[in-house]
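Worksheet for the structure shown next.
Naming: A, B, ... by sequence-line order, numbering from 1 per chain.
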Protein chains: 2
Amino acid sequence: MRDVAALAKVSTKTVSRVINGLPGAGAEVTDRVRAAARTLGYRPDLTASSLRRSDRRSATIGVLFEDLSNPFDAALLRAVEDHARRHGVLVLAGSTEDDHTLQRELLFSLSARRVDALVVMAAGGHQDALQHERERGTPMVLVDRPPTFGGTDCVTTTNRDSARDAVLSLIALGHRDIAFLGDRRTLWTSQERYTGYVEGLARAGVALRTELVHTDLHGADLAETATAALLRLDRPPTALFTAQNLVTVGALRVLRARDLHRRVAVIGFDDFPLADLLDPAITVVRQDVPGIGRKAAELVLARVDGDTSPPVHAVVPAALIRRGSGEISPDRISPDR
Amino acid sequence: MRDVAALAKVSTKTVSRVINGLPGAGAEVTDRVRAAARTLGYRPDLTASSLRRSDRRSATIGVLFEDLSNPFDAALLRAVEDHARRHGVLVLAGSTEDDHTLQRELLFSLSARRVDALVVMAAGGHQDALQHERERGTPMVLVDRPPTFGGTDCVTTTNRDSARDAVLSLIALGHRDIAFLGDRRTLWTSQERYTGYVEGLARAGVALRTELVHTDLHGADLAETATAALLRLDRPPTALFTAQNLVTVGALRVLRARDLHRRVAVIGFDDFPLADLLDPAITVVRQDVPGIGRKAAELVLARVDGDTSPPVHAVVPAALIRRGSGEISPDRISPDR
DNA sequence: AACTCCTACGTCAACGTTGACGTATCCGGC
DNA sequence: GCCGGATACGTCAACGTTGACGTAGGAGTT
């Protein structure tokens, strides 16, 4: 900047005015400064700028997610990034892999870079580090789980209701032995979906068979093991409600290996790419991922802009997409031994 | 920092020493500073720190990609991020959507935030903005295309060789009418894969039927249209080589809709989730995405650490994964009218 | 002619941090 | 008792930028 000022024979302050398009710079000087900046390849330093500016904005938000290789996380990041970019805001992204220590470190890292706000899509377990950051004044949106502390927005989907509806739809087809396969119970979404499952059974007067419930299936491998175990029961389930996308995939692999994919009904929570190309195509509860991402970005950017209205808990509705696998009628299969 | 210093009754310089673990601070003072920092909720400001430090490192790299909703991009970002995080480096991510203007703006944005290096996974078209940034001294790695300017590393996969091998494998089964469906020709990978296709045909002495070649299929929808057109030919292809993952998916949709998915052979370039669960499972050329990402991160982080060895063009080998769809023998199908 | 007001600049200090360098204190050796 | 050297601090300025404020000159008003 000093070099630009020297070349254009003005003060650095005038360069600053020209670069930021502020009034108080004459036409001829403006041209000189622009030309000098170009020839020197000058790029303003936003970090120095935000250090000095009164609002201290870095025009950067942090996004914490669990695992980018999950299409759900990727799509969400994409939606947040899209919306942020339109506001001139960039995204510092980091995955936590559900590791508590990692999450703390990442949080410190983002905090040290003075992000204007945080979008947190992966808060398993304790939220004390998050709470601390929130109390320091960083606006924050939690995605897929409500905050355990005050003053914080969150965006979730209709986990419980959609799970209940999925189960009721299976029951309407005559299913009575519906298995539940869920992700870690520490996740709020898992709990909600399980509650919806239980509510669905209860509302239809179907008894809950606890041996059909498998939780803490983190990743497709554990889901495969659990599915195999279900199929070995004396009275195997005629339908599966798989409460997370990787769990769905694991279950499908086992059903396919046993050639049961056309006989056992499956409804999965979370859509996934190619679900429509499988045989049968997979019926899923589809979350409005772009909608969730957009809402999260909107909320957090509004907070950055000084919105101090009471915290919001936005609920973005999910929809049951009937593709075939959830419309298979009950068919008593023999135990897999 | 001033508050911490005041509370601990030391100078800010001493606080700096304690926070950074530098020698020259006594045990008792260290404890006092730590305690003060904790009670005040002090977080160092990395942006101010890197402004003043001699090395000017922000411990942040920028990653430009095209579309996060493509699992290839997502997996690559994930691999880069993993590796970077292990070095205490965070990732500023932005998608360009193959929009030239957007790419320029994003580049400026990252430059203004003084990223230490760039990983560019999406450089279609002109690279002048990239070149300019490179000339300003920012280390840079291009993924999936060689640089048009000097002094820059890149990481690619065996596009041409693997494409040729895929085609030869189809020819070995007796296929003579092999269609090529490719992404935009402006992409280097597309050109390479097409060249590999041509080489494969030539090496086996099979004539190239130009009406079987469709390029510039950006996205699954265009691929569907092209596939439908191929099936209307008087002599339709008995095998498809789909040179990008979304193209593969589009082609599969059409084959499935026509119930030809068990009669027309398909080999796709780029693996995609669930390719193994389809019927038939899809034979693909699988790139070593984690390997590419790791290599890119390694290269760029080494440059940040001052590695000035000559620029590297790393080639990470891809592998043909035979799953079934590529092992279908030629079967003359009648034109689809 | 003296005044106000506006425009187009410049000067100075400060944002939070650290490199360079200074100073006070203490310890061991002779 | 004095000196050399290490150790534990502090002081000052600077990184690139901008807010607050100052000033010079011209236009308009009375």
Side-chain angles (χ1 to χ4, degrees), chain A residues 1-34 36-37 40-60 88 108-116 136-138, chain B residues 1-34 36-37 40-60 88 108-116 136-138:
Chain A
M1 187 159 171
R2 264 206 304 263
D3 299 341
V4 174
L7 184 58
K9 298 198 206 305
V10 293
S11 71
T12 57
K13 178 73 231 204
T14 299
V15 176
S16 169
R17 278 192 266 256
V18 171
I19 297 296
N20 293 81
L22 295 174
E28 196 218 343
V29 165
T30 299
D31 290 345
R32 280 215 315 273
V33 170
R34 290 241 173 83
L40 293 177
Y42 168 75
R43 294 267 182 279
D45 186 329
L46 195 95
T47 65
S49 169
S50 82
L51 182 62
R52 171 64 232 214
R53 289 187 114 97
S54 40
D55 60 8
R56 303 297 318 265
R57 299 265 189 86
S58 61
T60 306
F108 287 172
S109 256
L110 292 169
S111 179
R113 283 165 180 84
R114 294 296 188 261
V115 293
D116 295 335
R136 293 186 68 238
T138 311
Chain B
M1 187 159 171
R2 265 206 303 266
D3 298 343
V4 174
L7 184 57
K9 297 200 206 309
V10 294
S11 71
T12 57
K13 178 74 232 206
T14 300
V15 175
S16 169
R17 278 192 264 256
V18 171
I19 297 296
N20 293 81
L22 296 173
E28 196 218 344
V29 165
T30 300
D31 288 347
R32 279 216 314 273
V33 171
R34 291 243 172 82
L40 292 178
Y42 168 76
R43 294 267 183 279
D45 185 329
L46 194 95
T47 64
S49 169
S50 83
L51 181 62
R52 170 65 231 218
R53 288 187 114 98
S54 40
D55 59 8
R56 303 296 318 264
R57 300 267 187 84
S58 62
T60 306
F108 287 172
S109 256
L110 292 169
S111 179
R113 283 167 180 81
R114 293 296 188 264
V115 292
D116 296 334
R136 293 187 67 239
T138 311

**OP:** Just report the end-to-end axis angle for the helix from dA1(C)-dT30(D) to dC30(C)-dG1(D), five pairs per end, to 10 degrees.
**Re:**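 Comparing the first five pairs with the last five, the axes sit 50° apart.
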Please tabulate, for side-chain N and O atoms in residues 5-13 of chain B, each donor-acceptor pair with protein atoms closer than 3.5 Å (sequence neighbours left out).
residue  : atom : partner  : partner atom : Å
Ser11(B) : OG   : Lys13(B) : N            : 3.4
Ser11(B) : OG   : Thr14(B) : N            : 3.3
Ser11(B) : OG   : Thr14(B) : OG1          : 3.4

**OP:** Please assess Arg56(B) against Leu51(B) for the test side-chain contact (heavy atoms from CB on, under 4.5 Å), listing each intermediate value before the final yes or no.
**Re:** CA-CA 6 Å; Arg56(B) 303 296 318 264; Leu51(B) 181 62; 3.8 Å; yes
If I compare all heavy atoms of [X] with all of [Y], which pair ends up nearest, and what's the gap?
X: Ala59(B); Y: Gly88(B); result: CB-O, 3.8 Å
X: Arg136(A); Y: Gly41(B); result: NE-O, 3.1 Å
X: Val115(B); Y: Thr138(B); result: O-CG2, 4.4 Å
X: Arg57(A); Y: Asp116(A); result: CA-OD1, 3.5 Å
X: Thr30(B); Y: Gly26(B); result: OG1-O, 2.6 Å
X: Arg43(A); Y: Phe108(B); result: NH2-CE2, 3.2 Å

**OP:** Could you check which residues of residues 1-8 of chain B get a heavy atom under 4.0 Å from DNA chain D? Sort them by number, please.
**Re:**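 When residues 1-8 of chain B is checked for heavy atoms under 4.0 Å from DNA chain D, there are no hits whatsoever.
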**OP:** Hey, which sits more toward the 5' end of DNA chain D by its nearest nucleotide, Ser49(B) or Arg53(A)?
**Re:**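 Per heavy-atom nearest nucleotide, the more 5' residue is Ser49(B).
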**OP:** Could you walk me through whether Thr60(A) and Arg113(B) pass the side-chain hydrogen bond (donor to acceptor under 3.5 Å, both in side chains) test, one step at a time?
**Re:** CA-CA 9 Å; Thr60(A) 306; Arg113(B) 283 167 180 81; 3.0 Å; yes
Original post:
Mind checking what makes salt bridge (Lys or Arg N to Asp or Glu O under 4.0 Å) contact with Arg17(B), not counting sequence neighbours?
Top reply: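 Per chain and number, Arg17(B) pairs via salt bridge (Lys or Arg N to Asp or Glu O under 4.0 Å) with no residue.
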**OP:** Extract, from 5' to 3' on DNA chain D, the first and final nucleotides lying under 4.0 angstrom from some heavy atom of chain A.
**Re:**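 Listed 5' to 3', the contact boundaries are dC15(D) to dA20(D).
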Subject >> Side chain Thr47(A), main chain Thr47(B), donor-acceptor under 3.5 Å >> reply: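 No; judged by distance alone, with no hydrogens or angles, the pair does not exist.
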Within the sub-3.5 Å range, which N or O atoms of nucleotides 5-9 of chain C have a protein N or O partner, and how far apart are they?
residue : atom : partner  : partner atom : Å
dC9(C)  : OP2  : Gly26(A) : N            : 2.2

Original post:
So among Val33(A), Asp31(A), Val4(A), which one has a side chain to side chain contact (heavy atoms under 4.5 Å, CB included) with Val18(A)?
Top reply: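 Only one option passes, and that is Val33(A).
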